[in-house]
Peer 1: 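Encoded as structure tokens, here's the structure I'll be asking about.
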Amino acid sequence: MGIFDNPKLKPYLIVSKRGNMNVFKVAFRSLADIELYLNSNPPINSRVFVSEKSITAKEAFAGEPLEKAIEYCVRGYDKGFEGFLKLQRELDSVNVKTNFGRKVTTSVVGARPNVPAYIAGAPKNMYRVDRVSEKKLIHIYMNLAYSRFTTEEQIINRGLLVLNLIRLLEENNYMVDFQVFETCVVENETFICEILLKQPGTLLDTRKCYYPLCGKAFVRRVITRIKETMPFEGNWHFSYGTVLNTIQTRIVMNIPEDAILINSPGEMGIQGDDIYKDADAFFEILGLKKHIAIPRYSG
């Protein structure tokens, strides 16, 4: 499509039509895939991206320079990580956990005797071990995108609360499938970037997830750089894309209604000031109280 050609992008890119929209979907199997692609020096669509904001954006806004931001994809990102883990432990201490596995009940017949009950002549003098219900699968989709006005504190708190949500669900007998992406739109062009961080059924790697979920340079340098190599034709240079709301994102990404969608921090009620107030607002918007016990984090 168009006159710009980037052969290095072809293994990752699918371009399709959806109504009057042109959808550019790029999928990476890992953070290492992203580093490999960007370090291959893919050509920049200079007809659309007159200046390269992945390079020229100020560090106060976009984080460390592009070269470092790409390097963090594989080397790992540690800025603020210890403080992040401390907050994670504090949230986890409030979480309501359910002990699953096998349930022991008294019975007339069972696997082993209840000695005190037998001596007392109780009719139910045996222990029976019952299997509890099987784990339920729940899908979580997270849109990494956010507006240029989003603060670093909002970004970090959102990442922390998403990881806390996954831990809380897993501790309450749910098996979590977690997918991250960015999607945004300019005129009649939609951009989708999918990154595989966690295979279904595998344990969550907090350190691996920390950079894309909480490092502002990942979205404002790394994904911005990927956009600059896309064969767009619209005026992406001005905004680099408008963040879609929850309804629009579900439609574009084909996310079912029974799946959890995490959108921009502001839309999830996250202000970035008090993590505990943010947690209460976040879970209120998600509406999970009918499925699991949600604590009151702010007291």
Peer 1: Show your reasoning for whether salt bridge (charged side-chain N to carboxylate O under 4.0 Å, His left out) applies to Glu233 and Arg47.
Peer 2: CA-CA 8 Å; Glu233 296 183 353; Arg47 188 183 64 81; 5.1 Å; no
Peer 1: Return yes when atom CZ of Arg148 has more than 12 non-hydrogen atoms of other residues, nucleotides or ligands closer than 6.0 Å, and no otherwise.
Peer 2: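 No, the 6.0 Å shell around CZ holds no more than 12 heavy atoms from other groups.
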Peer 1: Any chance you could measure Ile292, atom CD1, to Leu168, atom CG, to the nearest 0.5 Å?
Peer 2: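 These two atoms lie 4.0 Å from each other.
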Peer 1: Could you tell me whether Lys198 and Asp205 have a side-chain N and a carboxylate O separated by less than 4.0 Å?
Peer 2: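 Judged by the 4.0 Å cut-off on N to carboxylate O distance, Lys198 and Asp205 do not form a salt bridge.
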Peer 1: Say whether, by atom type as modelled, one donor and one acceptor occur between the side chain of Gln248 and the main chain of Asn245 under 3.5 angstrom.
Peer 2: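 Confirmed, Gln248 side chain pairs with Asn245 backbone.
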Peer 1: Would Asn173 and Lys136 count as a side-chain hydrogen bond (donor to acceptor under 3.5 Å, both in side chains) here? Give the steps.
Peer 2: CA-CA 7 Å; Asn173 211 37; Lys136 294 161 283 187; over 6 Å; no
Peer 1: So, taking the atom named OG1 in Thr249 and the one named CG in Asn254, what distance separates them when rounded to the nearest 0.5 Å?
Peer 2: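 Answer rounded to 0.5 Å: 12.0 Å.
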Peer 1: Can any side-chain N or O of Thr150 pair as donor or acceptor with the backbone N or O of Tyr146 at less than 3.5 Å?
Peer 2: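 Not a single qualifying donor-acceptor pair exists.
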Peer 1: With distance as the sole test, does Gln179 use its side chain to make a donor-acceptor pair with the main-chain N or O of Ile140 at under 3.5 Å?
Peer 2: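 A pair under 3.5 Å: no.
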Peer 1: Could you grab the distance from atom SG of Cys214 to atom CD1 of Ile155, nearest 0.5 Å is fine?
Peer 2: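 Cys214 SG to Ile155 CD1: 9.0 Å, rounded to 0.5 Å.
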Peer 1: For Lys216 and Gly63, work out which heavy atoms get closest and say how close.
Peer 2: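 Reported closest heavy-atom pair: CE-N, 3.6 Å.
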Peer 1: Whether Glu228 and Lys53 form a salt bridge (side-chain N of Lys/Arg under 4.0 Å from carboxylate O of Asp/Glu) is what I want to check.
Peer 2: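 Between Glu228 and Lys53 there is no salt bridge, as every charged N stays at least 4.0 Å from the carboxylate O atoms.
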Peer 1: Please lay out, stage by stage, how Lys289 and Glu284 fare under the test salt bridge (charged side-chain N to carboxylate O under 4.0 Å, His left out).
Peer 2: CA-CA 8 Å; Lys289 290 182 179 179; Glu284 185 67 29; 3.6 Å; yes
Peer 1: Once ring pair (Phe, Tyr, Trp, His ring centres under 6.0 Å) is applied, do any residues pair with Tyr141, and if so which ones, sequence neighbours excluded?
Peer 2: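 Tyr141 satisfies ring pair (Phe, Tyr, Trp, His ring centres under 6.0 Å) with no residue once adjacent residues are dropped.
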Peer 1: Backbone N or O of Phe81 within a donor-acceptor pair of the Asp78 side chain at under 3.5 Å?
Peer 2: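 Not a single qualifying donor-acceptor pair exists.
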Peer 1: Less than 6.0 angstrom separating the ring centers of Phe218 and Tyr72, yes or no?
Peer 2: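 No, the ring centres sit 6.0 Å or more apart.
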Peer 1: Would you say Trp236 and Ile55 are hydrophobically clustered, going by side-chain heavy atoms of ILVMFWY under 4.5 Å?
Peer 2: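 Yes, because Trp236 and Ile55 connect within a single hydrophobic cluster, where side-chain heavy atoms sit under 4.5 Å apart.
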Peer 1: I'd like to know if Ile156 and Tyr297 are part of one continuous hydrophobic network [Ile/Leu/Val/Met/Phe/Trp/Tyr, side-chain heavy atoms within less than 4.5 Å].
Peer 2: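 Yes, it is one cluster - the side chains of Tyr297 and Ile156 are joined through contacts under 4.5 Å.
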Peer 1: Between Phe191 and Phe24, is the ring centroid distance below 6.0 Å?
Peer 2: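 Centroid separation for Phe191 and Phe24: 6.0 Å or greater.
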Peer 1: Are the side chain of Asn45 and the backbone N or O of Thr229 linked by a donor-acceptor pair below 3.5 Å?
Peer 2: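 Not a single qualifying donor-acceptor pair exists.
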Peer 1: Is it the case that the ring center of Phe49 lies less than 6.0 angstrom away from the ring center of Tyr240?
Peer 2: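 Judged by ring-centre distance (under 6.0 Å), Tyr240 and Phe49 do meet the cut-off.
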Peer 1: Do Ile262 and Leu165 have side chains that get closer than 4.5 Å, going by heavy atoms?
Peer 2: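 Ile262 vs Leu165: side chains touch.
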Peer 1: Under the ring pair (Phe, Tyr, Trp, His ring centres under 6.0 Å) rule, collect the residues that match up with Tyr12, sequence neighbours excluded.
Peer 2: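 Scan of Tyr12 (ring pair (Phe, Tyr, Trp, His ring centres under 6.0 Å), adjacent residues dropped) gives Phe28, Tyr37.
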Peer 1: Quick one: CD on Gln88 to OG on Ser93, what's the gap to the nearest 0.5 Å?
Peer 2: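 The OG atom of Ser93 is 11.5 Å from CD of Gln88, to the nearest 0.5 Å.
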Peer 1: Does Lys25 use its side chain to pair, donor to acceptor, with the backbone of Ser16 at less than 3.5 Å?
Peer 2: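 Side chain of Lys25 to backbone of Ser16, a donor-acceptor pair under 3.5 Å: no, none is there.
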Peer 1: Would you say the side-chain atoms of Glu189 pair up with the backbone N or O of Gly234, donor to acceptor, closer than 3.5 Å?
Peer 2: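 Side chain of Glu189 to backbone of Gly234: a pair is present.
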Peer 1: Is Arg221 reaching over with its side chain to a backbone N or O of Lys68, donor-acceptor style, under 3.5 angstrom?
Peer 2: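 Between the backbone of Lys68 and the side chain of Arg221 there is no qualifying donor-acceptor contact (under 3.5 Å).
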Peer 1: Determine, using the 4.5 Å side-chain heavy-atom cutoff (strictly less than), whether Phe282 and Tyr174 are members of one ILVMFWY cluster.
Peer 2: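 Both belong to a single hydrophobic cluster.
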Peer 1: Verify the cluster assignment for Leu197 and Ile166: are they in a single hydrophobic cluster under the rule of side-chain heavy atoms below 4.5 Å apart?
Peer 2: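 Same cluster.
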Peer 1: Nearest 0.5 Å, please: how far is CG in Leu160 from CG in Leu87?
Peer 2: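 The distance works out to 5.5 Å.
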Peer 1: Please answer: with hydrophobic residues joined when any side-chain heavy atoms are less than 4.5 Å apart, are Leu244 and Val180 in the same cluster?
Peer 2: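 Different clusters: Leu244 never reaches Val180 through Ile, Leu, Val, Met, Phe, Trp or Tyr contacts under 4.5 Å.
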Peer 1: When you measure from the side chain of Gln154 to the backbone N and O of Ile270, does any donor-acceptor pair fall under 3.5 Å?
Peer 2: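 The answer is yes, because a donor-acceptor pair under 3.5 Å joins these two groups.
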Peer 1: So which atom in Pro42 and which in Asn6 form the shortest heavy-atom distance, rounded to 0.1 Å?
Peer 2: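 Minimum heavy-atom separation between Pro42 and Asn6: CB-ND2, 3.9 Å.
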Peer 1: Looking only at heavy atoms, what is the nearest atom pair of Glu171 and Asp92, with distance?
Peer 2: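 In this case the closest contact between Glu171 and Asp92 is OE2-OD1, 3.5 Å.
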Peer 1: Identify the two heavy atoms, one from Val186 and one from Ser239, that lie closest to each other, and give their separation to 0.1 Å.
Peer 2: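 Here Val186 and Ser239 meet closest at CG2-OG, 3.9 Å.
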Peer 1: Main chain of Leu196, side chain of Arg29: is a donor-acceptor contact present, judged purely on distance under 3.5 Å?
Peer 2: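 Checked: no pair found.
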Peer 1: Apply side-chain contact (heavy atoms from CB on, under 4.5 Å) to Asp280 and Asp278, showing your working.
Peer 2: CA-CA 6 Å; Asp280 287 335; Asp278 281 350; over 6 Å; no
Peer 1: Within this structure, what is the CG-SG distance for the pair Asn143 and Cys184, rounded to the nearest 0.5 Å?
Peer 2: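 Answer rounded to 0.5 Å: 8.0 Å.
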Peer 1: What do you reckon, are the aromatic ring centroids of Tyr77 and Tyr211 less than 6.0 Å apart?
Peer 2: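 Between Tyr77 and Tyr211, the centre distance is under 6.0 Å.
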